[in-house]
Amino acid sequence: PRILDKFLQILEDGRLTDGKGDTVQFSDTVIVFTSNIGAAKIRADNLDVKAAFIEQVRSHFVNELNRPELLGRIGEGNIIPFNFMINDDFLIQIARSKLEPLRYRLNEKWGLTGMHFDNETKALKSIIDKVDRSSGGRGVLNALTSHLFDPLAKYLFEDIGSPERSQGRAIKVIQPGSRPLFDFDLE
C-alpha cells in the first residue's frame with residue numbers, strides 16, 4: 001500500500017517528496033508499468049482480447065487492490081494489452097535467439113566449436129509445440145530449458161565428463177521424436 005501511495009503522488013502531482021523533504025520532478029518522465037494481470041484467465045482465441053484484458057485490470061485494481069483511484073490516475077485509455085504469441089514462426093525466432101548464448105557458453109566452457117541440428121527449424125518447432133502459449137516468450141525459454149538445455153547439460157556432465165574430451169569438436173543434436181539425443185560431429 002505504501003508503494004501504491006507513492007505512485008498516487010507521482011501520477012497526481014508529477015513529483016515525489018522523500019522523508020528528508022527532497023523532491024524529484026516527474027513532469028518530463030514516462031512511466032511504464034508492465035503486468036501479467038489477466039493473462040492466465042484470458043484465452044488466446046478470445047475475439048476481443050483488449051476488452052478482456054482491460055476488464056481484468058479494472059477488476060484487479062477495484063476488487064483485489066481496493067485502489068480504484070490508482071487506476072483512475074493511470075487512466076484506462078493508457079492500458080495497452082498485447083496479443084498472445086500464437087505465431088509459430090515468431091516463437092521459433094525467439095527460440096533461435098536463445099541458442100546463440102548457449103553456443104557461446106558451450107565454446108567458452110567446453111571448447112565446443114559448434115552445436116548443429118539435422119534440421120534446426122524442425123527441432124525448434126517440436127520444442128515450441130510444448131510451449132504454454134499463455135506464458136508468452138517466457139514459455140519458449142521454459143520449453144527450451146526442459147527439452148534441450150537440461151538434457152544437453154546431463155549429456156555433457158554424465159556422458160562427456162570433462163571439457164578435455166570435447167575440445168575442438170562440435171556437438172550434434174539428433175531429434176528422434178520428442179527427446180533430443182546428442183553426439184559429436186566428426187569435423
Side-chain angles (χ1 to χ4, degrees), residues 1-109 115 120-121 124-125 127-150 152-153:
R2 290 180 16 209
I3 299 284
L4 296 178
D5 289 339
K6 296 297 179 193
F7 282 119
L8 275 174
Q9 183 183 1
I10 292 167
L11 295 170
E12 182 69 21
D13 302 332
R15 60 185 169 81
L16 180 64
T17 305
D18 67 13
K20 297 178 187 175
D22 295 331
T23 300
V24 177
Q25 298 295 327
F26 283 84
S27 56
D28 295 325
T29 304
V30 175
I31 300 173
V32 177
F33 298 93
T34 61
S35 173
N36 289 329
I37 294 172
K41 297 178 183 176
I42 299 169
R43 293 174 37 111
D45 60 358
N46 188 323
L47 296 177
D48 195 355
V49 171
K50 181 176 181 171
F53 270 114
I54 289 173
E55 181 52 41
Q56 288 294 319
V57 171
R58 181 183 303 118
S59 175
H60 182 77
F61 276 89
V62 172
N63 300 323
E64 293 181 40
L65 294 178
N66 294 317
R67 301 301 296 262
E69 71 278 12
L70 184 57
L71 180 60
R73 301 292 190 308
I74 293 170
E76 288 186 29
N78 292 319
I79 298 171
I80 304 170
F82 293 93
N83 290 327
F84 288 99
M85 292 185 205
I86 55 175
N87 182 306
D88 283 355
D89 293 334
F90 187 68
L91 294 173
I92 288 171
Q93 288 176 12
I94 292 172
R96 190 168 276 129
S97 75
K98 300 298 180 188
L99 293 181
E100 288 312 309
L102 174 64
R103 286 182 169 113
Y104 175 79
R105 286 190 304 274
L106 288 172
N107 178 268
E108 183 180 59
K109 302 287 184 194
M115 181 179 69
E120 184 175 290
T121 301
L124 294 177
K125 170 79 170 96
I127 291 171
I128 65 143
D129 284 344
K130 297 167 180 61
V131 171
D132 173 11
R133 303 295 171 112
S134 68
S135 62
R138 288 183 189 97
V140 174
L141 185 56
N142 293 340
L144 279 170
T145 299
S146 297
H147 301 288
L148 179 63
F149 299 170
D150 289 349
L152 177 58

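- In this structure, Arg15 CZ and Thr29 OG1 are separated by 14.0 Å, a value rounded to the nearest 0.5 Å.
- Across every non-hydrogen atom of Ile128 and Ala95, the tightest pair is CG2-CB, 4.4 Å.
- Using a 4.5 Å heavy-atom cutoff, the side chains of Glu76 and Val57 are not in contact.
- Of all heavy-atom pairs between Ile74 and Asn78, the closest is O-ND2, 2.6 Å.
- Looking at residues two or more places apart in sequence or on another chain, you find a side-chain contact (heavy atoms from CB on, under 4.5 Å) between Leu8 and Asp5, Arg67, Glu69, Leu70, Arg73.
- Atoms CZ and CD1, on Phe149 and Ile127 in that order, are 8.0 Å from each other to the nearest 0.5 Å.
- Rounding to the nearest 0.5 angstrom, the gap separating the NE2 atom in His60 from the CG atom in Leu65 is 3.5 Å.
- Using a distance-only test at 3.5 Å, with no hydrogens or angles considered, a donor-acceptor pair links the side chain of Ser97 to the main chain of Ile94.
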Tell me, with the steps shown, if Arg58 and Glu55 meet salt bridge (charged side-chain N to carboxylate O under 4.0 Å, His left out). CA-CA 5 Å; Arg58 181 183 303 118; Glu55 181 52 41; 2.3 Å; yes

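- For residues 17-31, there are no salt bridge (charged side-chain N to carboxylate O under 4.0 Å, His left out) pairs, not counting sequence neighbours.
- With rounding to the nearest 0.5 Å, the separation of CD1 in Ile54 from CG in Leu71 is 9.5 Å.
- Between Leu144 and the options Asp150, Leu124, Leu102, a side chain to side chain contact (heavy atoms under 4.5 Å, CB included) holds for only Leu124.
- Put simply, CZ on Phe61 and CD1 on Ile37 are 5.5 Å apart, with the number rounded to the nearest 0.5 Å.
- The line from NE2 of His147 to CG of Asp129 is 10.5 Å long, rounded to the nearest 0.5 Å.
- Residue-environment remark: CD1 (Ile80) stays at or below the threshold of 12 foreign heavy atoms within 6.0 Å.
- For the pair Arg103 and Glu100, the salt-bridge criterion is met [side-chain N within less than 4.0 Å of a carboxylate O].
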